[in-house]
Amino acid sequence: MTHPAAADLIARSNRLGADPRNTNYAGGNTSAKGTDTDPVTGENVELLWVKGSGGDLGTLEEPGLAVLRLDRLRALAGVYPGVEREDEMVAAFDYCLHGKGGAAPSIDTAMHGLVAAAHVDHLHPDSGIAIATAADGEALTEQIFGDRVVWVGWRRPGFQLGLDIAAVKEANPQAIGCILGGHGITAWGESSEETEASSLEIIRTAEDYIASRGRAEPFGAVVPGYEPLPEAERRAKAAALAPAIRGLASTDAPQVGHFADADVVLEFMAREKLAPLAELGTSCPDHFLRTKVKPLVVDLPSDAPVEDVVARLGELHEAYRAEYAAYYERHAGEDSPAMRGADPAIVLVPGVGMFSFGKNKQTARVAGEFYVNAINVMRGAEALSTYAPIEESEKFRIEYWALEEAKLARMPKPKALATRVALVTGGGSGIGKAIAQRLAAEGACVVIADLNLEGAQEVADSLGGSDVAIAVRCDVTSEPDVVALVDAANLAFGGVDLVVNNAGLSISKPLLETTAQDWDLQHDVMARGSFLVAREAARAMIAQKLGGDIVYIASKNAVFAGPNNIAYSATKADQAHQVRLLAAELGEHGIRVNGINPDGVVRGSGIFAGGWGAKRAAVYGVPEDELGAYYAQRTLLKREVLPEHVAAAVVALAGGDLSQTTGLHIPVDSGVAAAFLR
């Protein structure tokens with residue numbers, strides 16, 4: 001049963017975290033103190049419940065809390081070795097834990113335990129950080145809040161900051177909280193309700209003051225030529241630019257991309273202070289750990305041709321990497337972790353939007369959200385004063401903090417297809433659905449294309465939503481539809497790495513009953529459709545310069561001659577030769593093209609369910625519900641083939657173990673000797 005103090009804490013945290021004005025995703029932490037029974041002694045013991053490391057306030061649940069004995073935590077002050085060794089105190093938190101399970105204590109645990117208040121909130125609101133990063137933030141704090149909120153100069157999060165804030169609270173009994181220079185806010189109270197009210201008072205008072213007293217155009221005047229493009233034009237340009245930008249951002253390690261063109265971003269990029277403010281970088285530790293110290297900013301007008309922007313991006317990227325390496329060299333010491341990578345996490349293209357990058361879609365999206373927070377912070381600081389983030393050396397101390405490095409080292413090993421963006425046609429049902437599910441399970445982001453948008457959306461939703469998969473309605477016979485499909489992949493995830501040409505249908509008829517319409521339909525969907533999808537995806541892959549995979553789901557019938565199947569088998573043979581042709585052509589770009597030849601995939605197959613099964617059963621003289629077993633018995637292995645087996649073959653081809661293989665067709669048919677490829 002949840003302790004009442006913890007229940008109040010969770011409810012308060014969820015309310016605060018649900019409003020982005022109060023704190024950013026996974027930013028800040030909250031706590032509550034209370035008394036419970038020690039299960040060993042039966043006596044009362046004072047406990048601290050605090051949001052654990054890496055959790056999110058808006059979605060916090062009880063397992064996300066760390067629970068510590070307050071007496072032991074406060075006793076750590078007696079053995080504190082000083083600020084030069086304060087990182088050692090994080091390991092000591094483990095000796096203060098109460099019970100089993102729960103989250104790992106965060107670096108801010110000391111602040112919550114040492115401050116003499118029953119409840120404490122530490123948050124990262126844009127309005128509060130705007131005051132915290134203003135050049136005259138201390139004077140503004142007094143001017144805005146009087147003695148109800150106290151200024152605390154910048155100090156890196158840790159045990160010493162906890163001691164400092166505890167001393168501020170003790171010395172200022174009238175105060176409800178403090179502004180932490182360059183960082184955020186902390187508020188306290190004797191009840192959960194009082195503490196929440198104090199947090200909101202600080203946040204809303206800062207918001208109102210900025211709105212009523214701030215300059216009208218804190219980012220300066222609009223620069224002619226840098227205004228936002230019309231929506232359709234800018235999104236088309238963003239789709240054209242995304243693969244090239246993603247390729248640059250993946251120079252050191254593959255990245256997934258995210259695109260945003262919110263008004264707040266477009267307006268910032270159109271103003272005269274864009275370059276100088278972007279150069280200053282972000283300030284709040286949560287911000288620059290996600291966004292890197294500063295973004296890459298394209299210095300061309302909105303209507304610059306795509307080719308010119310791509311060329312300039314190459315130059316700017318080279319300069320960015322050199323500057324980042326110099327930043328590392330300026331501040332790295334003998335014990336500093338190795339440089340993690342010099343590519344930007346945020347790329348700003350005036351008139352178009354913001355491209356953000358990360359190890360997965362959520363990380364990329366959140367990085368962009370954090371830079372929006374940073375824009376809001378800069379606007380607020382510039383509206384009242386001058387934006388003055390923490391010193392570069394302090395940013396380096398946090399970015400290359402030993403504790404941060406240890407946290408990264410604890411991350412689980414990436415899955416086989418992590419950072420890969422896969423596009424599956426016919427992904428709303430049958431074999432395509434199984435492939436999409438398996439690719440997502442292996443860590444890929446998946447674009448599910450299908451003529452039936454409802455079915456595709458159901459699959460996307462089942463995989464975890466838009467951070468994992470998106471659904472796109474696409475008629476693969478339509479050139480505009482296919483272009484729009486790849487554009488959607490570029491905008492959603494930054495590009496395309498893996499294409500599975502799976503969309504198909506079949507009409508089983510003897511030669512004399514096969515109409516020209518039957519022939520054209522099957523060739524349009526499978527031969528023409530595969531060609532169009534491969535062509536447009538190859539454009540993105542070549543622009544990325546990251547290589548890629550194209551996999552054709554062909555058929556045993558591509559090489560096996562059977563009766564009453566002229567149109568289907570002929571178009572499958574067309575697909576099979578496309579594999580060979582494209583493997584020969586695209587190899588120089590690192591793009592591998594392979595095929596899979598399934599047979600007898602009855603259960604779960606969209607084609608068989610759509611009437612093909614009944615027709616093939618009639619050809620072979622068996623009941624339709626026994627067709628799968630019939631196919632299995634005519635194979636060498638006597639095993640039925642399922643959609644999951646085809647999906648496994650896709651992963652085998654694209655998962656890395658066959659990295660030197662291209663132009664191959666893999667039979668997935670349980671062994672049909674007549675369809676052997678050699």
Taking all non-hydrogen atoms of both residues into account, name the closest pair between Leu491 and Ala238 and its distance. CD2-CB, 3.7 Å
Going from CG on Leu586 to CD1 on Ile542, what distance comes out if it is rounded to the nearest 0.5 angstrom? 6.0 Å
What's the shortest heavy-atom distance between Val499 and Ala537, and which atoms? CG2-CB, 3.3 Å
What's the spacing between Asn502 CG and Leu423 CG if we round to 0.5 Å? 11.0 Å
Tightest non-hydrogen contact, residues Val256 and Arg246, listed as CA-NE, 4.3 Å
Around atom CG of Asp625, are there more than 12 heavy atoms from other residues, nucleotides or ligands closer than 6.0 Å? yes
Has Asn597 got a side-chain atom pairing as donor or acceptor with Asp669's backbone, closer than 3.5 angstrom? no
Looking only at atom types and distance, does a side-chain atom of Asp450 sit under 3.5 Å from a main-chain N or O of Gly428, one as donor and one as acceptor? yes
Pairwise ring-ring contact (aromatic ring centres under 6.0 Å, His included) hits with a residue in residues 469-490, at least two apart: none
Donor-acceptor contact present, side-chain Glu369 to main-chain Asn24, <3.5 Å: no
Apply the side-chain contact (heavy atoms from CB on, under 4.5 Å) test between Val482 and each candidate in Arg535, Arg528, Glu536; give the one that qualifies. Glu536
Whether Ser356 side chain and Ala364 backbone form a donor-acceptor pair below 3.5 Å: yes
More than 12 non-hydrogen atoms from neighbouring residues, nucleotides or ligands closer than 6.0 Å to CG on Asp308, yes or no? yes
Could you walk me through whether Leu451 and Arg473 satisfy the side-chain contact (heavy atoms from CB on, under 4.5 Å) test, starting with their C-alpha distance in whole Å, then the side-chain angles of each, then the deciding distance to 0.1 Å, before giving a yes or no? CA-CA 5 Å; Leu451 197 58; Arg473 185 197 178 279; 3.3 Å; yes
What pair of heavy atoms forms the shortest contact from Val601 to Leu642, and how long is it? CG1-C, 3.9 Å
Spatial distance of atom CZ (Arg592) from atom CG (Leu664) [nearest 0.5 Å]: 9.5 Å
Can any side-chain N or O of Thr363 pair as donor or acceptor with the backbone N or O of Lys359 at less than 3.5 Å? no
Check whether any side-chain N or O of Asp497 sits under 3.5 Å from a backbone N or O of Val421 as a donor-acceptor pair, and report yes or no. yes
Would you check if there is a donor-acceptor pair between the side chains of Ser530 and Gln578 at a distance under 3.5 Å? no
Quick one: does Ser508's side chain have a donor or acceptor within less than 3.5 Å of a partner on Asn564's backbone? yes
Taking every non-hydrogen atom, the tightest pair across Thr23 and Gly27: OG1-O, 3.1 Å
Below 4.5 Å, heavy atoms only, C-beta onward: do Pro598 and Ile553 meet side chain to side chain? yes
Kindly indicate whether the side chain of Leu627, heavy atoms from C-beta on, has any atom under 4.5 Å from the side chain of Val622. yes
Under 4.5 Å between any side-chain heavy atoms of His665 and Arg580, yes or no? yes
Evaluate the ring planes of Phe370 and His287, with Trp represented by its six-membered ring, and classify them as parallel (under 30°), tilted (30 to 60°) or perpendicular (over 60°). perpendicular
Is the Lys NZ or Arg CZ of Arg634 less than 6.0 Å from the centre of Tyr620's six-membered ring, within 45° of the axis? yes
Tell me whether the count of non-hydrogen atoms from other residues, nucleotides or ligands lying under 6.0 Å of NZ in Lys433 goes above 12. no
Contact check, side chains of Phe531 and Asn501, non-hydrogen atoms, under 4.5 Å: no
Apply side-chain contact (heavy atoms from CB on, under 4.5 Å) to residues Val352 and Asp261 and explain how you reach the verdict. CA-CA 7 Å; Val352 178; Asp261 59 350; over 6 Å; no
Is there a side-chain contact between Val533 and Ile550 in this structure, where contact means two heavy atoms from C-beta onward sitting under 4.5 Å apart? no
Nearest 0.5 angstrom please: Leu463 CG to Ile470 CD1, how far? 12.0 Å
Grab the two heavy atoms, one from Ala434 and one from Pro643, that are nearest each other, plus how far apart they are. CB-CB, 3.6 Å
Heavy-atom side-chain contact between Asp549 and Arg420 under 4.5 Å: yes
Min side-chain heavy-atom separation Gln633-Glu626 under 4.5 Å: no
Once rounded to the nearest 0.5 Å, what's the spacing between atom CG of Asn14 and atom CG of Asp19? 13.0 Å
I'd like to know if the side chain of Thr425 reaches the main chain of Ala449, judged simply by a donor and an acceptor atom lying under 3.5 Å from each other, with no hydrogens or angles considered. no
Are any side-chain N or O atoms of Ser250 and backbone N or O atoms of Gln255, one a donor and one an acceptor, separated by less than 3.5 Å? yes
Which distance, rounded to the nearest 0.5 Å, do you find between the CG of Leu511 and the CH2 of Trp519? 9.5 Å
Is a donor on one side and an acceptor on the other found under 3.5 Å between the side chain of Glu479 and the backbone of Leu532? no
With a 4.5 Å heavy-atom cut-off, do Tyr552 and Val593 have their side chains touching? yes
Cut-off 3.5 Å, side chains only: do Thr515 and Asp518 have a donor facing an acceptor? yes
Can you check side-chain contact (heavy atoms from CB on, under 4.5 Å) on Leu296 and His317, steps first, answer last? CA-CA 7 Å; Leu296 185 156; His317 178 250; 4.2 Å; yes
Results of salt bridge (charged side-chain N to carboxylate O under 4.0 Å, His left out) for Lys237 - residues two or more places apart only: none
side-chain contact (heavy atoms from CB on, under 4.5 Å), that's the test. Do Ile245 and Val349 meet it? Break it down for me. CA-CA 10 Å; Ile245 297 176; Val349 182; 4.2 Å; yes
So for atom CZ, which belongs to Arg639, do other residues, nucleotides or ligands contribute more than 12 heavy atoms lying within a distance under 6.0 Å? no
